[in-house]
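Reviewing the structure listed below.
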Amino acid sequence: MGVHKYNGVFMEMKGFMHTFESIIAVIILIGFLIFLRSNYVSTPYDITYRGYEILEDLDEKGELRDYVVSGDWIGLNSKINIPGYNHSIEFCNQTCIGYKPDKENVWSSVYIIGGKDVYEPYQIKLYIW
Amino acid sequence: MYMSLTKSNYISGKKGQFFLIGALLFSMVFYLGISARFSENIVVRHSDLKYLYNNIEKEYTHVFNLGLNESDELEKLVNFTIFIKNIARERNINFESLVIFTKNDTEDLEVTLINNFDNQINITINVSDDVKNVSLNSGSYTILSFSPPDEFVMEIMFNNTKRELLLEKYKANIYFIISLRRGDDVIKGDFLA
């Protein structure tokens, strides 16, 4: 009789045990998958990279240096479009011409050229805010 | 006997649970052990150094060509190196370079070396088995003279770095090694044009 009762108790708990086992199995599986996930943490994409890419692209198209050697920072600035952001340009050698914003949280991208047809180094600064 | 059979059935009936608990314990030990070993996250940084590196690589060659046009390549390259170094410093980047260029105004080949590393370097130049060793201070340059055939191999050795370049005597060549460093971010490379 004791045996039947013993067996009876466990028969009633059989469903609970199956559920519990399933939960344990899922926990093990999820834990394993989390472990397999790469421990890579990626830093966010910075808008300054976009600035570099814009200036590099204009140089590859052969448009950048003409603006710089002629001092036409306004023309270069109007050539650039960054949706959602304001921007300004500065050309610097010994001194700088252009507009440097007096604001907080301004990103700046710098592109260097050695000149166009003669040696005349400049750094082109693209400010984005 | 009846009781023994029941106990035996009880144990065999519980085999699954025992396996599960064993697996759970094993996994916990495994994760703890592996986590302790590989606890450091690998940080993938997006860095602006690569943009500056590509920019400098392109412009060094361009400045060399502009200098050749004015027969003033040494001064232009030295001046440009200082220009880049100042810009890099403003952005907390340490810029170092070694520039080597060849040209011939006479029948001899001139090999010019410009050291922009922070330290003195000892460099060996081997042009068609003519070997010259120089010790170059930081921020200084030297000009070596060789008499190679029209096509030759120039071997460069310094700081455990060895390069073999196939060059032409009657063509101006520029080879440079660039290093950009900001904290743990480092980009190094070399280029021949």
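Letters A, B, ... mirror the listed sequences (proteins, then strands); counts begin at 1.
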Portion of Ile24(A) that has a non-hydrogen atom of chain B nearer than 4.5 angstrom: side chain
Heavy-atom neighbours of Lys132(B) NZ exceed 12 at 6.0 Å: yes
Any Asn54(B) side-chain heavy atom under 4.5 Å of Glu56(A) side chain: yes
Side-chain ion pair, Glu59(B) and Arg65(A), N-O less than 4.0 Å: yes
Tyr51(B) side chain reached by Thr48(A) side chain, heavy atoms, under 4.5 Å: no
Same cluster (ILVMFWY, side-chain, under 4.5 Å), Ile80(A) and Val106(A): yes
Asn55(B) (side chain) donor-acceptor with Ile112(A) (main chain) under 3.5 angstrom: yes
Atom CD of Glu70(B): over 12 foreign heavy atoms under 6.0 Å: yes
Nearest non-hydrogen partners of Tyr119(A) and Asn79(B), listed with the distance: OH-OD1, 2.6 Å
Same apolar cluster: Ile56(B) and Ile177(B), side chain cutoff 4.5 Å: no
Main-chain N/O of Gly114(A) paired to His62(B) side chain as donor or acceptor, under 3.5 Å: no
Other residues, nucleotides, ligands: >12 heavy atoms within 6.0 Å of Phe20(A) CZ: no
Other residues, nucleotides, ligands: >12 heavy atoms within 6.0 Å of Phe117(B) CZ: yes
Value rounded to 0.5 Å, distance of CG in Asp48(B) from OH in Tyr52(A): 4.0 Å
Segment of Ser108(A) engaging chain B (4.5 angstrom heavy-atom cut-off): both
Heavy-atom pair with the smallest gap, counting every atom of Cys92(A) and Phe83(B): O-CZ, 4.2 Å
Over all atoms of both residues, closest heavy-atom pair of Lys58(B) and Glu60(A): NZ-CG, 4.4 Å
Test side-chain contact (heavy atoms from CB on, under 4.5 Å) applied to Glu90(B) and Gln123(A), step by step: CA-CA 12 Å; Glu90(B) 283 173 16; Gln123(A) 52 170 327; 4.0 Å; yes
Linked, directly or transitively: Val131(B) and Phe146(B) (ILVMFWY side chains, under 4.5 Å): no
Hydrophobic cluster identity match, Leu64(A) and Ile97(A), side-chain contacts under 4.5 Å: yes
Path from Ile178(B) to Val110(A) over hydrophobic side-chain contacts below 4.5 Å: yes
Taking every non-hydrogen atom, the tightest pair across Asp117(A) and Leu66(B): O-CD2, 3.4 Å
